[in-house]
K.L.:
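One structure coming up, written as structure tokens, with questions to follow.
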Amino acid sequence: MIHQHIIKSTIKAIDTLYGVVVEEKTVSVQKTRKEFTGDFTLVVFPFLKYSKKQPDTTAKEIGTFLSVEIPLIERFNIINGFLNLELKDAYWIQFLMTEGQNQSFGTPIIKNPITYVVEYSSPNTNKPLHLGHIRNNLLGQSVSEILAFSGHKVFRVNLVNDRGIHICKSMLAWQKWSHENQESDKGMKGDHLAGKYYVMFENEYRKQIEDLKNKGKSEDQAKEEAPLINEARELLRLWEDKDIATRSLWQKMNDMVFKGFDVTYEKLGISFDKTYYESETYLEGKKIVENGLKSGIFYQKPDNSVWIDLTTDGLDEKLLLRADGTSVYITQDLGTAFQRYDDYKADKYLYVVGNEQNYHFDILKQILLKLKSPVAGNLFHLSYGMVELPDGKMKSREGKVVDADDLIEEMFFTAKKQTESLGKIEGFSENEANALFHKLSMGALKYFILKVDPKKNMVFNPEESIDFNGNTGPFIQYAYVRIMSIVRKTENTEISKSYDFSKLNMNHNEKSLLKLIYSFPEIIQDAAETLSPALLANYLYDLAKEFNQYYHECPIIKEAQVEKAALRLHISVFCAGILKKGMALLGIEMPDKM
RNA sequence: GGUCCCGUAGCUCAGUUGGAUAGAGCAACAGCCUUCUAAGCUGUGGGUCAUUGGUUCGAAUCCAAUCGGGAUCACCA
């Protein structure tokens, strides 16, 4: 690419002119800003110490050298020590002709493709998915797509937290109260049903705590002594003992929850290569703890609980196994890490998990390190920020959550209403219309979430997120649809043919659009390296915006000169390909009409 | 209190391997549809880049301190 060429030639220029070989990273070549003339800009300040001349003089010397070295440079100008290089139109036309048809344009040439295992979603089986899970799923899915497109081998895995006291709470509530609720439970989605009983447990449990406190118990005592929590603990113990009745209830509730999850995943377009269950991996974890105990990495307290001391590593002591032998969260995660290594022997293990678990992952990594697991050095916690509501945090205990299914449904109806009121679905069959509403609503939701830097907390405003104007998914979809419409209209006309464009001149809009397309591979590479779909999302918005200006300024069908029209059509089609590819990497589908 | 993350326009966000006069969208106001789909385009107003100091040719970007917000420091997962 020309960008690299300019850097190499600049190094040569400094060597030839001033006798110093500079490192590549000191050469800063960037895209020329819109308000100046040129395609690429070289910052000359770093070279002044070698030239011992004024910025403008130095820039002129380097510019003159580069013009000879790189014939594609048409001319250059210098403003305040910035050397703006202007390329010949022929270069951009050549770029269009060679890459415009190239299906793999944008796929970075990776020197060492590696294998990734990406874990995301990780739902609990005691409640339905909410907005936080949506961010998790979308990030995991998109990062996987981007890595795979970059040439890496990617395995997507889910880890279901289907074991633990929280599950027992739902189960207990179900045992106690489901027969009274048969009417209202009818037809309810399985995950919502489990969630309903979990909330029921929490409410009753809180009542018992209040009662005990009124009888003079302290808060902590009350929480310990409430009959319900002890029944739940007993259930957990029975579960770990593989009690048949308990296991069968557990299985029954899980099945119905998974069915519910599948519906939500289907709507969101989320999929996995493999699903791990904590109920299976925790046993592996227990074995690892036992082995670690034998080899002295872990130690036992008088009550028989097992611990690791990480104080010398800047962390704390951490419990690995309770006194009664039951396992905790980290026990299971150790098992999962080992099992995952056995299954994949991957080079990198990504865990898409919220930033409230940063500390947990520090600990996990340290323990794996001490156990000399090959996973330790290659574990990467893709930590993302919380999703907040305009009036504060989401709190599941207070019922202040945005349910995933409700949100998806609401988005769908907004898309429908909006599209119908704009009169956009004339000639659509009902199926086509519904497919469109789905693409638009999911496009809006996914883009809204993915455009934000993963590590930042974000505010989810339900009213704004369903807006389809401005910096939104549908805005980008609309730019694509406009191109598709032109393509349909020019099919089998003179305009759709290819000509020798090399003698044509390009105007500002045409060149701008091509230049932006040119930077697509760079964006992909950055997004893959930084694991940030947001970079790609914002780029695609810029590209759509640039296209909309181009669309306005550069008519195709009305253009009298056929070659010019054909050139513009080629650029548009190239742009459409990037938009579609890029959005696919975000998990967003493009409609052909809207 | 310890550790980590964040602070950019009224609101939601870009921009952070140091580069030119800090950008979008929403909201407000004013234009553009007999002309490829107006879910679009053009324009106006709106900024102490939290504060202070440092590093240097140059700082929203790097460093330090301070102030605000969040997370975490569970025998919950």
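The sequence lines fix the lettering, A, B, ..., with proteins before strands; numbering per chain opens at 1. Being a predicted model, the structure only gives us computed values, none of them experimental.
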K.L.:
Using 0.5 Å steps for rounding, measure from the CG atom of A/L321 to the OG atom of A/S305.
P.N.:
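Rounded to the nearest 0.5 Å, the CG-OG separation comes to 8.5 Å.
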
K.L.:
Output yes when A/E219 and A/K223 qualify as a salt bridge under the 4.0 Å nitrogen-oxygen rule, no when they do not.
P.N.:
yes

K.L.:
Would you say A/Y541 stacks on B/A24, if stacking means ring centres under 5.5 Å apart and planes within less than 30 degrees?
P.N.:
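No, the aromatic ring of A/Y541 does not stack with the base.
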
K.L.:
As a test of the definition: with a 90° window around 0 for syn, would you call B/C5 syn or anti?
P.N.:
anti

K.L.:
If you compare every side-chain N and O of A/Q549 against the phosphate oxygens of B/U42 (OP1, OP2), does one of them come in below 4.0 Å?
P.N.:
yes

K.L.:
Expressed as a whole number of Å, how far does the P atom of B/C26 sit from that of B/U17?
P.N.:
28 Å

K.L.:
For A/P454, report the nucleic acid contact type (base, sugar-phosphate, nothing); a contact means any heavy atom under 4.0 Å.
P.N.:
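Since no nucleic acid heavy atom lies under 4.0 Å of A/P454, the category is nothing.
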
K.L.:
Which value, in whole Å, describes the distance between the P atoms of nucleotides B/A50 and B/A22?
P.N.:
15 Å

K.L.:
Charged N to carboxylate O below 4.0 Å: is that the case for A/E546 and A/K515?
P.N.:
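Salt bridge: no.
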
K.L.:
Taking A/T41's backbone N and O only, do any of them form a donor-acceptor pair with A/N84's side chain (distance below 3.5 Å, no angle check)?
P.N.:
no

K.L.:
Given B/C36, B/A71, B/A14, identify the nucleotide with an atom nearest to the side chain of A/M386.
P.N.:
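Between B/C36, B/A71, B/A14, the one nearest the side chain of A/M386 would be B/A71.
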
K.L.:
Where does RNA chain B form stems of at least three consecutive Watson-Crick or G-U wobble pairs, each pair having both distances below 3.5 Å?
P.N.:
B:1-7 with B:67-73, B:10-13 with B:23-26, B:28-32 with B:40-44, B:50-54 with B:62-66

K.L.:
So what does A/T41 hit on the nucleic acid, given a heavy-atom distance under 4.0 Å: a base, only sugar-phosphate, or nothing?
P.N.:
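Base contact - A/T41 has a heavy atom under 4.0 Å of at least one base atom.
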
K.L.:
Which of parallel (below 30°), tilted (30 to 60°) and perpendicular (above 60°) describes A/F412 and A/F437?
P.N.:
perpendicular

K.L.:
Between B/A14, B/C36, B/A39, which nucleotide has the shortest distance from any of its atoms to the side chain of A/K424?
P.N.:
B/A39

K.L.:
Would you check if the distance from the ring center of A/Y282 to the ring center of A/W239 is below 6.0 Å?
P.N.:
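That pair passes the under 6.0 Å test.
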
K.L.:
Would you mind telling me which residue lines up with the more 5' stretch of RNA chain B, A/F460 or A/K455, judged by nearest nucleotide?
P.N.:
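The residue closer to the strand's 5' end, by nearest nucleotide, is A/K455.
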
K.L.:
Base, sugar-phosphate, or nothing: which does A/K456 touch, judged by heavy atoms less than 4.0 Å apart?
P.N.:
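Counting heavy atoms under 4.0 Å across all strands, the contact made by A/K456 includes a base.
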
K.L.:
Rounding to an integer number of Å, can you tell me how far A/L389 CG sits from B/U12 C1'?
P.N.:
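So the CG-C1' distance, A/L389 to B/U12, works out to 14 Å.
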
K.L.:
Is the ring of A/F45 stacked on the base of B/G58, with centres less than 5.5 Å apart and planes under 30° off?
P.N.:
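No.
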
K.L.:
Let me spell it out: for each of A/N548 and A/S327, pick the nucleotide of RNA chain B with the closest heavy atom. Which residue's pick is nearer the 5' end?
P.N.:
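This one resolves to A/N548.
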
K.L.:
Contact class for A/I165 (heavy atom, under 4.0 Å): base, sugar-phosphate, or nothing?
P.N.:
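Sugar-phosphate: the residue A/I165, judged by heavy atoms under 4.0 Å, touches backbone atoms but no base.
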
K.L.:
Whole angstrom is fine here: how far is it from CG in A/N355 over to P in B/C5?
P.N.:
11 Å

K.L.:
By the 4.0 Å heavy-atom rule, please label A/K489 as base, sugar-phosphate, or nothing.
P.N.:
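A/K489: backbone/sugar contact only, no base atoms under 4.0 Å.
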
K.L.:
For the base of B/A20, is there a side-chain donor-acceptor partner from A/N84 under 3.5 Å away?
P.N.:
yes

K.L.:
Would you tell me if any nitrogen or oxygen in the side chain of A/K49 comes within less than 4.0 Å of OP1 or OP2 on B/C57?
P.N.:
no

K.L.:
Taking atom P in both B/G70 and B/A77, what distance in whole Å separates the two?
P.N.:
27 Å

K.L.:
Applying a 4.0 Å non-hydrogen cut-off, can you work out what A/L535 is touching in the nucleic acid: base, sugar-phosphate, or nothing?
P.N.:
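It contacts sugar-phosphate atoms only.
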
K.L.:
For a quick check of understanding: with a heavy-atom distance under 4.0 Å over all strands, which category does A/D526 fall into, base, sugar-phosphate or nothing?
P.N.:
nothing

K.L.:
What's the gap between B/A60 and B/C49 when it is taken at their C1' atoms, as a whole Å value?
P.N.:
5 Å

K.L.:
Between B/A24 atom C1' and A/N469 atom CG, what is the distance in whole Å?
P.N.:
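Checked: the CG to C1' distance equals 14 Å.
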
K.L.:
Rounded to whole angstroms, how far apart are CG on A/N457 and C1' on B/G68?
P.N.:
15 Å

K.L.:
Quick check on B/A77: is either OP1 or OP2 less than 4.0 Å from any side-chain nitrogen or oxygen of A/N124?
P.N.:
no

K.L.:
Please give the distance between the C1' atoms of B/C4 and B/G40 as a whole number of Å.
P.N.:
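Result for the C1' pair: 44 Å, nearest Å.
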
K.L.:
Tell me the interatomic distance from A/F475, atom CZ, to B/A38, atom P, rounded to whole angstroms.
P.N.:
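About 13 Å, once rounded to whole Å.
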
K.L.:
Between A/E240 and A/R237 (salt bridge meaning N to carboxylate O under 4.0 Å), is one present in this structure?
P.N.:
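No salt bridge links A/E240 with A/R237.
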
K.L.:
Taking atom types as they are modelled, is there a donor-acceptor pair under 3.5 Å from the base of B/C75 to the side chain of A/D303?
P.N.:
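In this structure, the two groups form a donor-acceptor pair.
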
K.L.:
Give a yes or no on whether a salt bridge exists between A/E553 and A/R568, defined as a side-chain N under 4.0 angstrom from a carboxylate O.
P.N.:
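Looking at A/E553 and A/R568, the cut-off is not met.
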
K.L.:
Report which part of the nucleic acid A/V328 touches: base, sugar-phosphate, or nothing (heavy-atom distance under 4.0 Å, all strands).
P.N.:
sugar-phosphate

K.L.:
Which nucleotide, B/U72, B/C4, B/A20, lies nearest any side-chain atom of A/N358?
P.N.:
B/C4

K.L.:
Starting at CG of A/L540 and ending at P of B/C13, how long is that distance when rounded to a whole Å?
P.N.:
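From A/L540 CG to B/C13 P: 20 Å.
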
K.L.:
Between A/R482 and B/U37, does any side-chain N or O lie under 4.0 Å from OP1 or OP2?
P.N.:
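No.
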
K.L.:
Using a strict threshold of under 4.0 Å (side-chain N to carboxylate O), is an ion pair present between A/E420 and A/K416?
P.N.:
yes

K.L.:
Hey, does A/M458 reach any base, or is it just sugar-phosphate, or nothing, if we go heavy atoms under 4.0 Å?
P.N.:
sugar-phosphate

K.L.:
Could one point to a donor on the side chain of A/K25 or the base of B/U17 with an acceptor on the other under 3.5 Å away?
P.N.:
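Under the 3.5 Å cut-off, the side chain and the base do not form any donor-acceptor pair.
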
K.L.:
I'd like the P distance from B/U56 over to B/G18, given in whole Å.
P.N.:
15 Å

K.L.:
Roughly how far apart are A/D309 CG and A/Y299 OH, rounded to 0.5 Å?
P.N.:
5.0 Å

K.L.:
Taking atom C1' of B/U42 as reference, at what distance in whole Å does atom OH of A/Y551 sit?
P.N.:
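Distance, rounded to whole Å: 16 Å.
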
K.L.:
Considering only B/C13, B/C36, B/A77, which nucleotide approaches the side chain of A/N161 most closely?
P.N.:
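For A/N161, the side-chain atoms sit closest to B/A77.
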
K.L.:
Heavy atoms from C-beta onward define the side chain here; which of B/A39, B/C75, B/C41 lies closest to that of A/L319?
P.N.:
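Among B/A39, B/C75, B/C41, the one nearest the side chain of A/L319 is B/C75.
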
K.L.:
Report which part of the nucleic acid A/C168 touches: base, sugar-phosphate, or nothing (heavy-atom distance under 4.0 Å, all strands).
P.N.:
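Answer is nothing: A/C168 stays at 4.0 Å or more from every strand.
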
K.L.:
When you check the phosphate oxygens OP1 and OP2 of B/U37, does a side-chain N or O of A/S485 lie under 4.0 Å from one of them?
P.N.:
yes

K.L.:
Decide, applying a 5.5 Å centre-distance limit and a 30° plane-angle limit (both strict), whether A/Y478 stacks on B/G40.
P.N.:
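No, A/Y478 does not stack on the base of B/G40, since the centre distance and plane angle fail the 5.5 Å and 30° test.
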
K.L.:
Hey, does A/E278 reach any base, or is it just sugar-phosphate, or nothing, if we go heavy atoms under 4.0 Å?
P.N.:
sugar-phosphate

K.L.:
Quiz question: by atom type and distance under 3.5 Å, do the side chains of A/H166 and A/N161 form a donor-acceptor pair?
P.N.:
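Per modelled atom types, A/H166 and A/N161 side chains form no pair under 3.5 Å.
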
K.L.:
Identify whether any heavy atom of A/R322 sits under 4.0 Å from a base atom; if not, whether one sits that close to sugar-phosphate; answer base, sugar-phosphate or nothing.
P.N.:
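Base contact - A/R322 has a heavy atom under 4.0 Å of at least one base atom.
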
K.L.:
Do A/T58 and A/Y18 come close enough that some side-chain heavy atom pair is under 4.5 Å?
P.N.:
yes

K.L.:
Which part of the nucleic acid does A/N461 contact within heavy-atom distance under 4.0 Å: base, sugar-phosphate only, or nothing?
P.N.:
nothing

K.L.:
Taking only the C1' atom of each, what is the distance from B/U61 to B/A20 in whole angstrom?
P.N.:
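Taking atom C1' in both B/U61 and B/A20, they lie 15 Å apart.
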
K.L.:
Heavy atoms only, 4.0 Å cut-off, all strands: where does A/N80 land among base, sugar-phosphate and nothing?
P.N.:
nothing

K.L.:
Taking only the C1' atom of each, what is the distance from B/A71 to B/A65 in whole angstrom?
P.N.:
23 Å

K.L.:
Rounded to the nearest Å, what distance is computed from the OH atom of residue A/Y329 to the P atom of nucleotide B/A77?
P.N.:
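Taking OH of A/Y329 and P of B/A77, I get 10 Å after rounding.
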
K.L.:
Which of the following nucleotides, B/A77, B/A20, B/C73, is nearest to the side chain of A/F36?
P.N.:
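Output: B/A20.
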
